[in-house]
Each structure stands twice: as C-alpha cells, then as structure tokens.
Amino acid sequence: MKLATWNVNSLNVRLGHVLDWLQANPVDALCLQELKLPDDKFPHEVLRAAGYHACWAGQKTYNGVAILSKTPPLDIQRNIPGYEDEQQRIIAATLTGPDGKPVRVVSAYCPNGQAVGSDKYAYKLDWFQALRGWLDEEIVRHPDLAILGDYNVAPADEDVHDPEAWAGGILVSDPERQAFRDLLELGFRDTFRLFDQPPRTFSWWDYRRLGFRRNAGLRIDHILATQDLAARCRECTVDKTPRGWEKPSDHAPVVATFHTA
DNA sequence: ATGGCGTACACCGTACGA
C-alpha cells in the first residue's frame, strides 16, 4: 500500500500536475494541502474519472486539505474535534487496505507560524497541542494510523540545507521541534527516518533565489505512522520530479510504501 | 539588511507562504 502527501500550493493551478503525477504514481492515497479553493470548486469529477475518490475541506484563498483514495473514504472527519478554527487544515478518513484492513489517514496542513514570537507562531504551537490531544485519542481507535502532511517543521538540522542560517528561526525553532517530538512520543514514527536516506533530502525549496537548483531546501513534509503501521513500512522517499516541471509547487510529494500483512 | 517568487483577491497593490 502506498500513501503519499503533497502540498500543491493551489489545486486550481496544480490539477494537471496532480493528474500527471497520479498517472505515473498510482498510489492508494494522496493527501493534498493548500488547495486554496472553496468546497464547491473542488474538482472531484475529474479526479473520479482518474480513478480516485476524494474527501476535502476547502477554503477560499488559503489552506484547504484533501484525501484522494482508490477506495471510498469512510468516517470522514473535518478539523480537529473540539478545536474552533476557521482555517481548514485537517481532514481524516478511514480507507480499506489491499488486505481489507482499515487504515486511518489524516491529511494535515500545520500552520506556518510566520515568525518566531508572532501571533501566528503562538497559534501554530497551540494548534500542535490540539492536534496532539486529538491524536492521543485517535491512536487508540485506529492502530493503523498515518498522519501525512506539511508539518511546517524541519525536525533536525539534517533536514535543513543551511542549519546555521536557519538556527532558531521559524520552522526550526526549539518549541516547534518539541511540538513535533511530542507527536512522535504518542507512538508515531517518522517513516522517512526508518531508512538510510540520501543526505540533504528535502521536500520544500524556496521559489526565490533558485532554491531548487541549489538544493537549498527543508524537509518539512512528513509521513508519520503508528508503531504497528510503521513496522510494515518498506520505503519512504521524496519525489523531486514534479518540482522540476513547469510552474511547480514549491513542495515535492513524499511517498511511503507499506507491506500488507 | 532586504528581497528575491508564486498565488489569490482584486487593486493596479497587499497578504501570505516557508
């Protein structure tokens, strides 16, 4: 079973890339972030024609998340239960694995935080705390649970192209990294780090200053899996290919492959 | 030290991302 995540930075602009990528990478589920479109503009018909069911939580201009899946999404949950938030950053659904076992999948667009110490930074940390509280319950209900998305946190210096330049800043500050570790401590693994990986593997590169060409990036898009699910993970990779296409998203897809029982 | 680029909304510039 293959699960993937991709911050597309506008599904309107990137629909062609999504379809092309799915054609070449027919994953079982693809979590999307930053749709930047309202619910009624979600292109569910063209995705269905491409072989994918979908559930989504859209919003005009900003945010917005979706799960595209080969099997119909069940028990769809929008937002973090009990956490009042107009920003559409979470959607969850239960999918059916090739072996018939249910797998709970969450598509997450964690807040950016803008600048350490800002209001948006405080919101980011508060949001992570709410996410942790919810996942602490969700992990009990769903032994096979994966949280895929743009975490807007580079967990370690090896996930940063220039750790000295970024030290203490947004996306790498200690409280943000602690919030990420707090999620792991619930019983999740960062599937990317289950394996030997090429050094300087990133998932986002700044549009500015030719970030991609210089590989000046960060690894901020992650696939977290419960211990049970992680034990069946065979591979986790970043696909830089679409980052080289014309008018790319600034993020690349991350894909995790799971062995079925 | 700043802004670089890209997207959305809608103004002809601003907000935001990371």
Side-chain angles (χ1 to χ4, degrees), chain A residues 5-18 31-43 56-66 85-90 107-128 131 148-180 192 200-223 238 240 242-254:
Chain A
T5 181
W6 193 3
N7 179 325
V8 291
N9 185 20
S10 169
L11 186 55
N12 276 330
V13 175
R14 234 67 66 184
L15 180 59
H17 282 197
V18 169
C31 295
L32 301 176
Q33 299 86 36
E34 288 211 79
L35 306 179
K36 296 188 174 179
L37 49 75
D39 279 342
D40 63 342
K41 295 284 170 49
F42 187 86
W56 59 95
Q59 179 185 338
K60 189 180 174 184
T61 309
Y62 300 120
N63 308 311
V65 287
D85 195 354
E86 292 176 0
Q87 303 183 33
Q88 300 300 312
R89 297 183 174 279
I90 290 283
S107 180
Y109 176 47
C110 308
N112 168 277
Q114 199 165 62
V116 174
S118 67
D119 288 351
K120 291 194 172 77
Y121 184 76
Y123 163 70
K124 180 176 191 174
L125 296 178
D126 188 59
W127 189 93
F128 266 98
L131 178 67
L148 303 91
D150 176 359
Y151 286 74
N152 270 313
V153 177
D157 280 353
E158 63 185 325
D159 302 311
V160 181
H161 71 94
D162 185 349
E164 288 183 14
W166 283 80
I170 196 66
L171 313 182
V172 308
S173 72
D174 287 338
E176 290 166 272
R177 284 177 167 176
Q178 185 59 53
F180 185 79
F192 184 80
R200 306 180 66 76
T201 299
F202 308 121
S203 67
W204 168 86
W205 302 261
D206 202 319
Y207 284 125
R208 299 164 288 187
R209 301 175 58 188
L210 304 174
F212 184 64
R213 248 174 279 179
R214 297 185 296 123
N215 196 30
L218 304 176
R219 191 178 71 92
I220 55 176
D221 300 88
H222 310 299
I223 300 177
V238 178
K240 291 169 69 169
R243 188 61 177 80
W245 293 345
E246 196 176 342
K247 289 198 75 178
S249 168
D250 42 357
H251 295 252
V254 183

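Letters A, B, ... are given to chains in the order of the sequence lines, protein chains preceding strands, and every chain is numbered from 1.
Rounded to an integer number of Å, the gap from A:Asp250 CG to B:dG4 P is 16 Å. The OH atom of A:Tyr207 sits 8 Å away from the C1' atom of B:dC5 (whole-angstrom rounding). Whole-Å rounding puts the A:Gln59 CD to B:dC9 P distance at 11 Å. B:dG17 atom P lies 7 Å from atom CZ of A:Arg89, rounded to whole Å. Regarding A:Trp205, its CH2 atom lies at a distance of 16 Å from the C1' atom of B:dG6, rounded to whole Å.
A:Phe212 comes within 4.0 angstrom of nothing in the nucleic acid, heavy atoms only. Nucleic acid contact for A:Asp206: none, since no nucleic acid atom lies under 4.0 Å from a heavy atom of the residue. Among the heavy atoms of the strands, none lies under 4.0 Å from A:Asn63. Looking at heavy-atom distances under 4.0 Å, A:Leu210 makes no contact with the nucleic acid at all. Here A:Gln114 lies in heavy-atom contact (under 4.0 Å) with a base.
Not one side-chain nitrogen or oxygen of A:His251 sits closer than 4.0 Å to the OP1 or OP2 atom of B:dG17. Taking side-chain N and O atoms only, A:Arg14 has a distance below 4.0 Å to OP1 or OP2 of B:dT7.
With B:dC9, B:dA18, B:dT7 as the choices, the nucleotide that has an atom nearest any side-chain atom of A:Thr61 turns out to be B:dC9. With B:dA8, B:dG4, B:dC16 as the choices, the nucleotide that has an atom nearest any side-chain atom of A:Tyr62 turns out to be B:dC16. For A:Lys247, whose side chain is taken as the heavy atoms from C-beta onward, the closest listed nucleotide among B:dA18, B:dA10, B:dT7 is B:dT7. The A:Val13 side chain lies nearest to B:dA8 when the options are B:dC9, B:dA8, B:dA18.
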Verdict with reasoning, A:Trp205 to A:Asn215, per side-chain hydrogen bond (donor to acceptor under 3.5 Å, both in side chains): CA-CA 7 Å; A:Trp205 302 261; A:Asn215 196 30; 2.9 Å; yes
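A donor-acceptor pair is defined here as one N or O able to donate and one able to accept, closer than 3.5 Å; such a pair exists between the side chain of A:Asn152 and the backbone of A:Cys110.
Taking the six-membered ring where the residue is Trp, the centroids of A:His251 and A:Trp6 are separated by 6.0 Å or more.
Heavy-atom nearest nucleotides on DNA chain B were determined for A:Leu11 and for A:Ile170, and the one closer to the 5' end corresponds to A:Leu11.
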